[in-house]
Amino acid sequence: MKFRFRLQSVLEQRERRETLAQQTFAESQAALALASVLLGEMREVRGALLEELCRRRAGAFDAFETRLYQDYMQIITQSIAEQEAYLRDLTTSCEANKLHLVGTSQDRQALVSVRDRHQQAHRLTALRAEQGVMDELATTRFNFQRRAQQEGS
């Protein structure tokens, strides 16, 4: 008799959920990494802009050009603040996705444990049944040989 797990469809559904949670977590990690790189690049631009402003102060003063640099500095500073907020949101989302992944993994693992216990119980039942058949055959053979000896004597 072949083992059949009655909750196999539930296990498969939980495996699909776990796979989806893994994909979602990986996507959120990738978005977090990309946002972090972008923030680093924005900070580099701001640093280069500050260096350029300091260099320009030493030279000839052009009010219009200085104003353009200041406006750009304001924009990049605002963009950095927005990117930092976005990065915090992504970090929170990534953590939530990680917790969801852990939960789905535990759900699947619990069902795998149930399946393994049922499979082990099925194996033991099959072994007992097989041993019962072997014992019955041995008893029948012994009785047959004993009758044959009694009839031969």
Side-chain angles (χ1 to χ4, degrees), residues 1-140:
M1 173 168 57
K2 185 177 177 181
F3 173 72
R4 175 151 163 64
F5 185 51
R6 291 182 182 183
L7 299 174
Q8 185 63 36
S9 61
V10 176
L11 177 60
E12 290 169 358
Q13 187 262 347
R14 288 193 181 171
E15 288 171 345
R16 286 189 300 271
R17 271 183 167 175
E18 183 182 16
T19 300
L20 182 60
Q22 287 171 342
Q23 290 171 346
T24 303
F25 179 60
E27 289 169 1
S28 66
Q29 280 186 312
L32 182 63
L34 185 62
S36 183
V37 167
L38 182 58
L39 180 62
E41 290 173 355
M42 293 169 96
R43 287 177 175 160
E44 287 177 14
V45 168
R46 181 180 62 186
L49 187 59
L50 283 171
E51 287 178 22
E52 182 64 23
L53 276 173
C54 289
R55 192 181 64 74
R56 291 216 171 247
R57 281 189 179 172
F61 181 76
D62 182 359
F64 179 73
E65 199 171 287
T66 302
R67 179 68 185 159
L68 285 176
Y69 275 101
Q70 288 175 343
D71 288 346
Y72 187 59
M73 178 61 80
Q74 189 176 16
I75 290 170
I76 196 73
T77 301
Q78 181 182 354
S79 295
I80 287 173
E82 290 171 358
Q83 187 67 14
E84 287 171 341
Y86 179 63
L87 196 61
R88 283 190 299 275
D89 291 344
L90 282 177
T91 301
T92 302
S93 176
C94 193
E95 285 300 314
N97 288 332
K98 181 180 178 180
L99 291 175
H100 179 67
L101 174 59
V102 168
T104 57
S105 293
Q106 289 173 343
D107 287 348
R108 180 196 54 79
Q109 188 57 43
L111 214 53
V112 166
S113 295
V114 169
R115 181 199 62 200
D116 291 347
R117 283 194 308 269
H118 285 183
Q119 195 170 28
Q120 184 65 23
H122 180 266
R123 282 187 196 127
L124 289 173
T125 303
L127 285 173
R128 285 185 192 123
E130 183 179 336
Q131 187 63 45
V133 169
M134 298 301 278
D135 290 348
E136 182 66 32
L137 283 174
T139 302
T140 304

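Numbers here are sequence positions counted from 1. We use all heavy atoms of the structure for the numbers below, so side chains are in, but hydrogens, waters and symmetry mates are not.
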Task: Heavy-atom check, side chain of Glu95 versus side chain of Lys98, under 4.5 Å - done: yes
Task: Side chain to side chain, Glu41 and Val45, heavy atoms closer than 4.5 Å - done: no
TODO: Heavy atoms only: give me the nearest Leu87-Ser36 pair and the separation to one decimal.
DONE: CD1-N, 3.6 Å
TODO: Determine, stepwise, if the pair Gln74 / Gln78 fulfils side-chain hydrogen bond (donor to acceptor under 3.5 Å, both in side chains).
DONE: CA-CA 6 Å; Gln74 189 176 16; Gln78 181 182 354; over 6 Å; no
Task: Closest heavy-atom pair and its distance - Ala35, Leu90 - done: CB-CD1, 3.5 Å
Open item on the list: Working to the nearest 0.5 angstrom, can you tell me the gap between Leu49 CG and Cys54 SG?
Closed with: 10.0 Å
Open item on the list: Holding to side chain to side chain donor-acceptor pair (under 3.5 Å), I want the full list of residues that pass it with Glu84, two or more places apart in sequence or in another chain.
Closed with: Arg43
Task: Which residues share a salt bridge (charged side-chain N to carboxylate O under 4.0 Å, His left out) with Glu52, sequence neighbours left out - done: Arg55, Arg56
Open item on the list: Under the salt bridge (Lys or Arg N to Asp or Glu O under 4.0 Å) definition, can you give me all pairs with a residue in residues 67-78, not counting sequence neighbours?
Closed with: Arg67-Asp71
Task: Contact check, side chains of Gln83 and Leu38, non-hydrogen atoms, under 4.5 Å - done: yes
Task: side chain to side chain contact (heavy atoms under 4.5 Å, CB included) partners for Gln119, two or more places apart - done: Phe3, Asp116, Arg123
Task: Tyr86, OH: over 12 other non-hydrogen atoms inside 6.0 angstrom - done: no
TODO: Under the side chain to side chain donor-acceptor pair (under 3.5 Å) rule, collect the residues that match up with Glu44, sequence neighbours excluded.
DONE: none
Task: Any side-chain heavy-atom pair of Leu7 and Arg115 under 4.5 Å - done: no
Task: Gln22 to Leu101 - nearest heavy-atom pair and separation - done: CG-CD1, 3.3 Å
TODO: Taking the side chain as every heavy atom from C-beta outward, state whether Leu11 and Gln8 have any atom pair closer than 4.5 Å.
DONE: yes
Task: Interatomic spacing from OG1 in Thr91 to CD in Gln29 - rounded to 0.5 Å - done: 11.0 Å
Task: Gap separating the CG atom of Asn97 from the OG1 atom of Thr92, nearest 0.5 angstrom - done: 11.0 Å
Open item on the list: Atom CZ of residue position Arg17 - does it have more than 12 heavy atoms of other residues, nucleotides or ligands inside 6.0 Å?
Closed with: no
TODO: State the CG-OG1 distance between Asp135 and Thr140, to the nearest 0.5 angstrom.
DONE: 10.5 Å
Open item on the list: Can you tell me if Tyr72 has over 12 outside heavy atoms packed within less than 6.0 Å of its OH?
Closed with: no
Task: Contact check, side chains of Arg14 and Thr104, non-hydrogen atoms, under 4.5 Å - done: no
- [ ] Specify the closest pair of heavy atoms between Tyr69 and Leu53, including all atoms of both residues, with the distance to one decimal.
- [x] CB-CD2, 3.2 Å
Open item on the list: Hydrogens and angles aside, do Gln23 and Glu27 bring a side-chain donor and acceptor to less than 3.5 Å of each other?
Closed with: no
TODO: Please identify each residue that fulfils side chain to side chain donor-acceptor pair (under 3.5 Å) with Arg108, with sequence neighbours left out.
DONE: Glu18
